[in-house]
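For ligands, and for the atoms within them, numbers begin at 1 and follow the listed sequence.
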Amino acid sequence: MPPVAVREAVGVASIDEATGLGLDRADLVRLYRQMLLTRGLEERGSTLFKQGRLPGSFYTGRGNEAASVGVASAMRDGDVAAPLHRNMGVHIARGAEPWRLLCQYMGRDGGATRGRDSNLRSQDLERGLIAGVSHLPGILPTATGAALAFRISGQPRVALGWFGDGASARGDVHECMNFAAVRRLPIVFVCDNNQYAYSTPTNLNYACEHLADRATSYGFEGVVVDGTDVLAVYREARAAIENAREGGGPRMLELVTLRMDGHAIHDDASYVPPELLAAWRERDPIGRFDAWLRSHAAVTDEETATLADEVATAVDEATSLAEASPWPDPATVSDGVYA
Ligand SMILES: Cc1ncc(C[n+]2csc(CCOP(=O)(O)OP(=O)(O)O)c2C)c(N)n1
């Protein structure tokens, strides 16, 4: 396949265009609710950490809600995803139970790893979620392997693997992209370019204009998408996923956002210029979609207030359930552990 040019994806202009993407009004409201729930859970997690009720650390994907929810909503049952520490929205959009996600962060028995790991390293194969690992992007070869398995067994399934702008410089990313291109694997590479890798800005991270430029040099298409625009993300993710399912091989999505919190809760991100943060605050993904829904889908103040109440209740319930979940029994500490 000849390489094609990187193109900038622009927003979805009308409700008709959204309907053409297979999203009816209820679907649009669902996307909005999932973004609200993602943010609500992350805000609660940060508060619980500060109150000493959540051990370890806490990472948020603030600013990434549209990117995560938009991609995961374009997946179909049977597809698999290997999301990372900023992708709570992927778990939410795939139907993860909020209280279990909090349990995972809190080291409780109700979490996916039953207290053996933390963060979003939650395996949930029923929902097609492969647990991430700490060394980034060490899980990308696993997602690529899943795509190879789908290819060999002739199953019409697609794998998605995430990596950040920082992780994009690692060898695993290049090896996976090259292998997937050569074998035309059904995989979508999702790069969350949030402009900082811990404190390293993009100009110290890569020298090409777009990270998606790299896809063309491997022999497949790269698309740069505004990661704060949930419908543009959904449209490009859906196109990439269905292209892969139909045998068109891999595609890379570069979702451009700004990491709106520190690397994790201990980090005040004072190295990020305040004017940059202020500019991206104006492009808040939830605020943008709220405005779009009001002007294109006649969503009212009452509806958004009801949704906000529902989400607040869901977050409260998740917190209560997580705090009621027992600590793991120390006698089981080696159960399910490989070595
Ligand atoms: C192989 C490896 N090196 C270093 C780290 C330490 N580390 C954790 S997150 C991070 C920054 C990652 O930046 P990026 O890939 O852009 O993702 P982001 O955290 O910005 O979403 C680093 C250096 C790690 N987890 N794995």
Lys/Arg N to Asp/Glu carboxylate O, Asp284 vs Arg288, below 4.0 Å
no
Using the rule side-chain contact (heavy atoms from CB on, under 4.5 Å), only one of Val223, Thr216, Leu211 pairs with Met252; which is it?
Leu211
Any chance the side chains of Gln155 and Ser153 put a donor and an acceptor closer than 3.5 Å?
yes
Decide if atom CD of Glu126 counts as having more than 12 heavy atoms of other residues, nucleotides or ligands within a radius under 6.0 Å.
no
Below 4.0 Å from any atom of ligand 1, which residues have a heavy atom? Give them in chain and number order, please.
His85, Arg86, Ser134, His135, Leu136, Gly164, Asp165, Gly166, Ala167, Arg170, Asn194, Tyr196, Ala197, Tyr198, His263
Does Arg251 pair with Glu236 as a salt bridge, N-O distance under 4.0 Å?
no
For the pair Asp316 and Arg44, find out whether any cationic side-chain nitrogen is under 4.0 Å from an anionic carboxylate oxygen.
yes
